[in-house]
Amino acid sequence: MLGKDYAGQDCGLARALEVVGERWTLLILRDAFYGVQRFNDFATHLDLPRAVLTERLRTLVDAGLLERHPDPEHRGRALYRLTADGRSLWPALHALMRWGADRTGDGRPMRTHRHVACGTELEPGGTCPTCAVRVPLEDIETEKVSAPVPPVDPVTAALRAPRRMLTPLDA
Ligand SMILES: [Zn+2]
């Protein structure tokens, strides 16, 4: 079994990978940025084994990137929300997303991230080229633009439509 740490690597990338380098982890964080908060919604959208999701969420909470809050609508269940530390990952996540889309797609983004104030598509890393600012998450509208693959579950459908970043899924 492979270990999680890179003790011999004196590099910030190794430190980052110790927290977010496991399979599914960055996709869970991506969904959290899009407003997914409930275990069942992560499970539905990502279609990953529930035991793996449990383990990844625990790791992210322990690392201080997500925070558990009581779910007011489901007694005994939790909402998982990004902490300030978790939110600080956004520029890196956005840049990685764009890199992935650029090298595998036809040059068109699979999902857009626009500055609400001006409608401009963000540059890799989350800056608005029109306004020359790094756009706060609350001022970003995101929308899936690649062709849908039916059938689509309700969580996936909600995440396809234009929505503000961080807006809770069922709000
Ligand atoms: Zn702008």
Side-chain angles (χ1 to χ4, degrees), residues 11-38 41-42 44-48 56-57 60-61 63-69 71-72 79-150 152-171:
C11 172
L13 184 59
R15 299 290 87 80
L17 289 174
E18 286 172 358
V19 181
V20 300
E22 288 185 294
R23 186 168 171 77
W24 295 108
T25 298
L26 283 174
L27 298 180
I28 293 167
L29 288 168
R30 174 204 62 190
D31 281 9
F33 279 107
Y34 296 154
V36 178
Q37 298 190 344
R38 293 194 165 92
D41 291 341
F42 285 112
T44 300
H45 187 232
L46 295 170
D47 193 24
L48 79 174
R56 297 295 183 271
L57 288 171
L60 288 168
V61 170
L65 272 62
L66 293 180
E67 224 166 34
R68 282 173 60 101
H69 298 267
D71 184 341
L79 298 176
Y80 294 89
R81 293 192 187 136
L82 288 159
T83 62
D85 207 14
R87 290 181 185 210
S88 71
L89 193 66
W90 169 246
L93 190 71
H94 182 257
L96 198 55
M97 218 181 282
R98 286 289 297 271
W99 180 78
D102 286 349
R103 72 185 289 274
T104 58
D106 55 6
R108 286 181 303 168
M110 299 170 189
R111 172 180 282 279
T112 57
H113 300 89
R114 296 185 184 284
H115 188 192
V116 170
C118 68
T120 306
E121 172 72 16
L122 304 185
E123 289 181 325
T127 51
C128 174
T130 301
C131 306
V133 292
R134 174 164 286 172
V135 181
L137 285 162
E138 289 80 359
D139 296 340
I140 300 171
E141 184 175 79
T142 183
E143 181 181 10
K144 186 91 171 160
V145 291
S146 56
V149 184
V152 174
D153 63 81
V155 177
T156 303
L159 295 184
R160 294 197 65 87
R163 55 187 285 105
R164 288 287 185 109
M165 299 283 284
L166 299 174
T167 305
L169 197 59
D170 53 0

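Whatever order the structure lists them in is the order used to number ligands and atoms, beginning at 1.
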* To do: Please list, chain by chain and in numerical order, all residues satisfying salt bridge (Lys or Arg N to Asp or Glu O under 4.0 Å) with Arg15, sequence neighbours excluded.
  => Glu18
* **Least distance between heavy atoms, Arg111 atom then Leu159 atom** => NH2-O, 2.8 Å
* What are the two closest non-hydrogen atoms of Leu89 and Phe33, and how far apart are they? -> C-CZ, 4.4 Å
* Parallel, tilted or perpendicular: rings of His94 and His113 (30°, 60°) -> perpendicular
* To do: Start with the C-alpha distance between Val19 and Thr25, add both sets of side-chain angles, then the distance that settles side chain to side chain contact (heavy atoms under 4.5 Å, CB included), and finish with yes or no.
  => CA-CA 9 Å; Val19 181; Thr25 298; over 6 Å; no
* Asked: What pair of heavy atoms forms the shortest contact from Phe42 to Val36, and how long is it?
  -> CZ-O, 3.4 Å
* Listing residue and atom name, which protein N/O/S atoms are closer to the Zn ion (ligand 1) than 2.8 Å? -> His115 ND1, Cys118 SG, Cys128 SG, Cys131 SG
